[in-house]
Amino acid sequence: MKINFQELTQLLQKFKANPYKTYPVVTPHTGYLVEFKVKEGDYVAGPTGEWLEKPGTPLFVLEREKNPKIIRSSHFGTVQNLRMDLLKKFVEAGETVLEIKHPLTQEEIISEILLSSLLVVRAPETARYILSQELVKKLEQKGMGRTKIKEGDELLIMTFMKRETPIYLKEPGEFILYQIYFKPFELVQAGSPLIGLCPIEDLPYLEKIIHRIKEEWSS
Amino acid sequence: MLIELHKELKDLIDLAKYIGEIKGEDFLEIGKIVEELQSLYLNFYDYKETDIEKLLQRYNEKLREWLKKAEETLTPYEIVKITRHPQRFTLIDILENVYDSYMELGGDGELNLDPAMICAKALLSRRVGDEVFFHQVMVIGHEKGHGEEFRRGGSATPWGNEKALRYMKMAETEGIPIHFFIFTPGAYPIEDPPGAAQQIAMNLYYMSKLEVPTVSFISEGGSGGAEAIGLTDIRLMAEKGYYSVISPEGAAAIEAKLKEGRPPREIVEKMAKNLKLTAKDNLELGTIDKIIPEPPLGARRKDYEFFKRLKYELIKATDEVVLQTRSLKMLRRYALSKQSTESFKYFVNWNLSEDEREILIENRYNKYRKMTQWALLESKGLLKSVTEKTSRFGQKIVYEMKYNILKKSQRTFLKFWEELVSESSLIIKPVSDPVKSVYNLIVGKKARPKVKTLTEIEEDTGLYVSPLALQDKTVTCPQSDKYGCPDLWVPDLYGEFCGVCPTCGYHFPLEYKWYLNNIFDKDSVNTFNDDLSSGNPLNFEGYAEKLRIARKETGLNSALLSFEAKLGGISLVAVMLVSDFRQGTVGVAEGEKFIRAIEFAKLTRRPFIALVHTTGGIRIHEGTMGVVQMPRCTMAVRDYVDSGGLYMVIFDNNSYAGPVASFLGAAPYKFALKSTRLGFAGPRVILETTGQAVPPDYHSVENALKRGHIQGIWDRRELRKKLFFALLTMGGPNLYYR
């Protein structure tokens with residue numbers, strides 16, 4: 001597998017043109033839009049706290065059957081496209097009331113670039129995973145971003161209820177271990193990314209891109 | 001000589017600073033004196049020895065005089081400050097100076113299961129004439145440490161209290177008396193197993209029938225933490241100690257309705273006064289037995305006279321406990337009252353015989369049973385009280401006849417008969433079986449008798465509509481973000497759904513009347529002791545008015561309802577803590593009602609159920625009068641369970657603090673409805689005490705089950721069925737009375 005440079009450049013250009021992600025806030029059900037709690041351009045916060053126990057900023061109040069419900073923000077960003085015309089009106093379910101413009105951070109862009117460019121090995125089953133012993137040894141010697149892996153190498157060990165299954169690399173070619181997304185012996189849901197591999201010939205290019213992002217976007 | 005003067009000067013500086021710290025810098029001219037002494041200390045060698053001696057003497061006289069003056073104007077909050085001062089004596093000082101020798105068990109400074117709780121075996125000498133006798137005692141108590149951070153100021157962890165319990169059992173096995181020393185601002189309020197509340201409850205439960213003489217000495221008695229090792233035959237208290245339901249700061253935070261931050265100083269001082277937490281107040285309230293006098297502004301580490309006095313009082317108190325169990329005690333008790341602190345006139349053996357142990361436990365029960373009863377208000381005429389007394393006496397005779405005399409012989413006979421039948425079947429079977437099989441062959445096999453099943457309960461509870469259901473509107477389930485629950489129409493929610501979200505099972509709070517009408521059989525609830533209420537024993541400012549409002553709003557006289565009821569035909573006695581009346585807090589009236597109800601259940605041989613609608617803990621407005629309800633009620637629980645009763649607790653909504661750490665937590669069977677929050681202290685108190693925030697689900701019922709604090713989680717919609725099933729299963733065929 002090789003990195004599709006064209007796609008990557010397009011993605012980068014997209015981020016550059018618009019380094020934001022907009023999240024529309026829709027009504028969960030029908031009801032009267034009683035009151036807006038924010039103005040256009042206000043900064044709103046998502047849930048915070050160590051356990052996300054502090055709810056986000058209140059956005060507006062939707063009332064149905066004498067049950068006023070406060071709709072809160074679930075993202076960080078600024079309010080835009082506030083539909084003032086809906087105020088004191090009956091609103092259908094699924095109607096977009098406002099949008100939250102979320103400025104992308106450096107980490108978010110990098111992780112998105114990596115996910116789209118790296119060869120990501122995903123968890124085949126919900127289980128606990130550890131790196132294979134050979135890989136751990138190699139990592140200790142060479143370090144992250146320099147460990148080479150080729151086809152047929154044992155990558156990971158999936159362990160669940162004392163049953164252990166090795167996972168091998170099936171893609172042809174040589175790769176570099178670039179990212180580890182899990183913690184040893186942590187329960188990983190099926191389909192979640194485990195490790196990210198970069199083709200050995202593309203490594204200089206990828207590093208260059210990431211370096212550029214780090215320079216251009218202040219975190 | 002000069003060295004001694006130097007030392008004396010240092011002591012004087014310490015004393016002056018101490019006075020300043022207790023009374024405030026503007027007391028007389030203490031700040032100036034400290035400065036003068038300090039400059040003298042710096043330029044010590046510039047003076048002549050004779051000058052210094054004179055100077056020191058003058059300062060000494062002055063400070064002693066001021067000490068007396070300071071003592072005269074001592075306020076309750078200043079007493080609290082004395083108790084907490086790092087210069088005050090701690091348990092280690094007592095072990096060093098009161099006991100002749102000691103050996104700490106399982107601890108060496110920081111290397112300790114819980115450095116805040118110290119257990120030691122110690123020897124205590126008694127001089128009788130020329131002879132010296134040694135008593136062996138177990139010493140258990142909190143150690144504040146002189147500024148040692150790892151001791152957490154004497155806050156015992158749950159496992160620290162468990163350790164104390166272990167050594168209590170050890171002392172019981174060895175038959176030696178236990179001396180408890182209470183130096184705690186409160187228990188460390190974490191839920192890690194065994195759990196702060198649950199372990200205190202366990203300690204109280206066990207201590208109520210500890211078969212050795214126990215004496216406790218209170219210097220700093222902070223509510224639940226103090227009770228964990230405080231249920232004793234004699235309670236001594238230091239003159240400059242405090243014993244309170246809550247720290248004055250905590251009370252002030254509640255009074256000022258603060259969510260975070262420090263309460264203002266004036267309110268703290270007012271609360272210290274209102275809480276009646278000094279030794280003198282507690283003696284008047286009857287929550288302690290004796291005050292040990294201290295020198296002006298409290299005893300410090302080097303007040304050897306005080307330790308001498310303490311030793312004498314400890315021996316005397318233990319003697320008193322022991323002598324109360326003996327038949328021949330008149331002369332010695334008289335002699336006890338005439339004793340001097342120097343030497344004793346006789347020797348008392350602290351080992352108890354089996355009969356004496358029984359008397360000891362009986363004495364202890366009676367002592368706590370009588371405590372705080374003076375504060376009860378019972379509105380009834382002479383005639384009513386006489387008829388009630390006679391009927392109670394009559395009931396007692398009837399039930400004693402029915403259960404103790406008739407049932408016992410009947411049961412013995414039944415048991416014998418059962419044995420006989422099963423034994424004889426073994427002899428008869430080989431003979432009868434061939435005959436039976438031939439008979440079956442000819443006549444045809446008889447159907448086997450049906451296996452007995454537990455009876456199904458009928459859904460007959462009468463019609464009751466919750467007033468909450470009488471609104472035409474919808475509400476949102478608080479967990480709808482997580483589970484996507486649709487909005488609920490109120491008449492459905494509080495009617496058919498029993499206040500439970502059908503999607504996620506979240507339990508909305510319901511009023512207490514719902515339980516009375518939906519759990520028990522129709523028209524079977526019969527309340528008693530309704531007129532029992534508490535006054536304002538501490539004369540707490542504003543409390544009388546709060547009580548009056550609560551009475552008017554709820555129509556109840558206390559937060560605890562006690563009633564007889566039937567559940568699927570099973571007759572039982574129950575109590576319920578009601579949230580509407582001052583958040584279900586427990587005071588004198590609630591404690592007394594609980595004890596009377598459980599004693600009634602014991603007398604009539606019925607199961608006893610405690611429903612907790614909500615409890616906010618011990619009512620702070622009743623101070624230590626409320627705190628001693630913890631040992632009182634737990635004793636009654638122990639008495640009931642030991643005599644064979646089935647005691648079950650069902651928690652709902654919010655259950656916190658004192659009651660959970662005593663008579664509720666001590667129950668052998670505890671269940672909770674879903675969405676209950678159960679614990680010792682709330683998140684704010686935990687953050688303030690431990691410095692660490694706890695996750696929002698810290699007190700959830702699921703976590704309580706994980707920690708082993710309860711035996712199961714029930715659904716409110718099935719409460720009646722579950723309770724009935726539990727009664728049949730747990731009570732067994734011979735419901736109550738093994």
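Letters A, B, ... are given to chains in the order of the sequence lines, protein chains preceding strands, and every chain is numbered from 1.
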Can you establish whether the number of heavy atoms outside Y43(A) located under 6.0 Å from its atom OH is more than 12?
-> yes
Under the ring pair (Phe, Tyr, Trp, His ring centres under 6.0 Å) test, which residues partner F150(B), sequence neighbours left out?
-> none
Take atom CZ of R262(B) as the centre, draw a 6.0 Å sphere, and report whether it contains more than 12 heavy atoms from other residues, nucleotides or ligands.
-> no
Does the side-chain contact (heavy atoms from CB on, under 4.5 Å) test come out yes or no for T476(B) and K69(A), once each step is laid out?
-> CA-CA 8 Å; T476(B) 312; K69(A) 192 186 280 182; 3.3 Å; yes
Best-contacting candidate, D487(B), V490(B), D472(B), against chain A by heavy atom pairs under 4.5 angstrom | D487(B)
More than 12 foreign heavy atoms under 6.0 Å from CD of E191(B): is that the case here?
-> yes
Got more than 12 heavy atoms from elsewhere within 6.0 Å of CD, E186(A)?
-> yes
Which of D697(B), T474(B), D481(B) touches chain A most, by non-hydrogen pairs under 4.5 Å | T474(B)
Does a sphere of radius 6.0 Å around NZ in K138(A) hold more than 12 heavy atoms from other residues, nucleotides or ligands, not counting ones at 6.0 Å or beyond?
-> yes
Residues from residues 53-66 of chain A approaching chain B under 4.5 Å (heavy atoms) = E53(A), R64(A), E65(A), K66(A)
Evaluate whether atom OH of Y32(A) has more than 12 neighbouring non-hydrogen atoms of other residues, nucleotides or ligands under 6.0 angstrom away.
-> no
